[in-house]
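Every number for a ligand or one of its atoms is a count from 1 in the order of the listing.
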Amino acid sequence: MTSQAPNSPQGYKTPVGILGVGHFVPEEVVTNQDLTKFVDTTDEWIVGRTGIRARRRARPDQATSDLAVEAARRALQASGTRAEDLDLIIVATMTPDCPMPATASMVQHQLGASKAGGFDLNIACSGFVYALVTGAQFVASGTFQRVLVVGADCMTRLMNWKDRSTCVLFGDGAGAVVLGPVEPGYGIIGVHTGVNGAGGPNLTVKAGGSRLPSWSEGVNPGDYYLQMEGPEVFRFAVSVMGEAAIKALENAGLTSEQVALFIPHQANARIIEASRKRLNLPLERVFSNVEHYGNTSCGSVPIALSEALEQGRIQNGDLVVLVGFGGGLSWASVALRWGGLSNS
Ligand SMILES: CC(C)(COP(=O)(O)OP(=O)(O)OC[C@H]1O[C@@H](n2cnc3c(N)ncnc32)[C@H](O)[C@@H]1OP(=O)(O)O)[C@@H](O)C(=O)NCCC(=O)NCCS
């Protein structure tokens, strides 16, 4: 029998928590009104169906690693961690700077994280929460002391600006956390992950991989863009988001009544509202900033977490639940008890 810290998921020898959080979004704001100049849509439709009013767009010379590095620097500062003390960097992204090298290696270099290992993790918009679960394992096992987990995407690079059913939904941004040991009873206390590959064709970028290389004949321009069966993905999201939160809570022996702040993937205000009802939470216990940024994919949950902290919405001891969902179709959730920072 391995000894286990109280309230930590099965197999955690050391309790693992978030020591610091940071986020970065590019400067350019693209409003719904801006979009109406080149695509057949209205502010009223976008706000009514999605809750989105604006999104950010990276400059042509900015790539995912640039956003990731800025968010990472802020998380390092917030946690009082020096880059050279990082053991591992995981970058969750579906829009890497290029297929190779991994975005994590660019982040490592830019930060000067001289002793860190690193890798990218791609499970679409669920990526950050999956990366959190993954990174936590290294701390929980005692292998590493400091793990940087970044969620970053330049989703505007995958948009077909003529497809009104997708281009109004997404934006660019990054968020990051530093993981490390915390006091028993704090940090990550419940996790859950899932994938349903049968639903994969509902949310795709077809070209640019080994099935349809970018140089192959028969690639349509549309194959480079994100394509989505919106109503199918909507139904999936509504059914999975609340359930995923409940599973992570059950894993920790808790229920949604005890949740101080629910931080769901920011894809659509109607999906967030449906999950709020499923969890029976009052409005003030659900965080949303989808209005300002749209769906930033892997950036979504850590940006929301970072802004929730800035706004004083999370206190030490609070039970916080994070849920991601997206292409795959995939989902992941984490229940965590905020605080319990030790001096190690
Ligand atoms: C995309 C989404 C907002 C569309 O909302 P919806 O209520 O399902 O709308 P539909 O796709 O059924 O389209 C309804 C109508 O609005 C139109 N429409 C779609 N996008 C539009 C836009 N930007 N502006 C105006 N009209 C639009 C459609 O053409 C359709 O018109 P029709 O009835 O004449 O055919 C919604 O399905 C959604 O949020 N899905 C999940 C998306 C998501 O979260 N993806 C990321 C997962 S990580």
Side-chain angles (χ1 to χ4, degrees), residues 30-55 92-95 121-131 151-173 175 193-197 199-205 225-245 263-276 288-291 293-304 322-333:
V30 181
T31 64
N32 293 347
Q33 200 58 43
D34 294 331
L35 295 177
T36 64
K37 291 173 193 149
F38 55 87
V39 66
D40 181 16
T41 189
T42 61
D43 177 55
E44 195 187 7
W45 191 96
I46 303 172
V47 174
R49 298 293 179 113
T50 72
I52 300 165
R53 292 178 190 276
R55 69 287 294 144
T93 185
M94 59 181 284
T95 55
L121 184 155
N122 178 3
I123 182 78
C125 299
S126 307
F128 175 78
V129 184
Y130 261 91
D153 268 310
C154 285
M155 293 303 288
T156 62
R157 300 285 154 78
L158 294 180
M159 291 302 113
N160 175 356
W161 295 103
K162 295 191 174 115
D163 177 5
R164 67 179 182 173
S165 69
T166 53
C167 76
V168 304
L169 302 175
F170 294 91
D172 303 336
T193 59
V195 67
N196 175 6
N202 290 315
L203 189 48
T204 57
V205 180
Y225 298 123
L226 180 142
Q227 296 177 19
M228 180 174 68
E229 298 296 331
E232 287 294 328
V233 176
F234 188 89
R235 271 190 286 280
F236 155 72
V238 164
S239 69
V240 84
M241 190 123 85
E243 297 310 315
I263 304 184
H265 175 41
Q266 306 289 312
N268 182 317
R270 289 191 295 144
I271 297 171
I272 294 171
E273 176 59 9
S275 55
R276 182 186 76 77
S288 179
N289 58 9
V290 71
E291 181 184 353
Y293 304 124
N295 181 347
T296 55
S297 184
C298 291
S300 150
V301 169
I303 294 171
L322 314 175
V323 181
F325 70 84
L329 299 169
S330 61
W331 61 94
S333 52

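- The shortest heavy-atom distance from Ala237 to ligand 1 is not under 4.0 Å.
- For Ser333, the side-chain contact (heavy atoms from CB on, under 4.5 Å) criterion is met by His192, Ala244, Ala248, Val323, not counting sequence neighbours.
- Near Phe325, meaning under 4.0 Å from one of its heavy atoms, ligand 1 places the atoms 47 (C), 48 (S).
- Summary of contacts: the protein heavy atom closest to atom 14 (C) of ligand 1 is Arg49 NH1, 3.8 Å.
- When every heavy atom of Met155 is checked against every heavy atom of Asp172, the shortest pair comes out as N-OD1, 2.8 Å.
- At a 3.5 angstrom cut-off on N or O pairs, Thr50 does not count as close to ligand 1.
- The residue from Thr95, Asp153, Thr93 that alone fulfils the side-chain hydrogen bond (donor to acceptor under 3.5 Å, both in side chains) condition with Ser297 is Asp153.
- At distances below 3.5 Å, not a single donor-acceptor pair connects side-chain atoms of Glu229 with backbone N or O atoms of Asn202.
- In this structure Arg157 satisfies the salt bridge (charged side-chain N to carboxylate O under 4.0 Å, His left out) test with no other residue, sequence neighbours excluded.
- Regarding atom 45 (N) of ligand 1, its nearest protein heavy-atom neighbour is Met228 SD, 3.2 Å.
- Scanning the protein heavy atoms around atom 20 (N) of ligand 1, the nearest turns out to be Trp45 CH2, 3.3 Å.
- Of the possible polar contacts, one joining the Arg270 side chain to the Arg49 backbone as a donor-acceptor pair under 3.5 Å is found.
- Listed here is the closest heavy atom pair of Arg55 and Tyr293: CB-O, 3.6 Å.
- Remark: minimum distance from atom 30 (C) of ligand 1 to any protein heavy atom is reached at Arg164 NH2, 4.7 Å.
- Across the listed options Gly51, Cys125, Ser297, Cys125 owns the non-hydrogen atom lying nearest to atom 48 (S) of ligand 1.
- The protein atom (non-hydrogen) at minimum distance from atom 40 (N) of ligand 1 is Gly230 O, 3.0 Å.
- If you run side-chain hydrogen bond (donor to acceptor under 3.5 Å, both in side chains) between Asp34 and each of Asn32, Thr36, Thr31, only Thr31 comes through.
- When only interatomic distances are considered, the shortest N/O to N/O separation between Asn268 and ligand 1 falls below 3.5 Å.
- Protein heavy atom at the shortest distance from atom 46 (C) of ligand 1 is Asn295 ND2, 3.5 Å.
- Scanning all protein heavy atoms for the shortest distance to atom 38 (C) of ligand 1 gives Phe234 CD1, 3.6 Å.
- Protein heavy atom at the shortest distance from atom 44 (O) of ligand 1 is Ala267 CB, 3.4 Å.
- Contact atoms of ligand 1 toward Ile271: 44 (O) (distance under 4.0 Å to a heavy atom of the residue).
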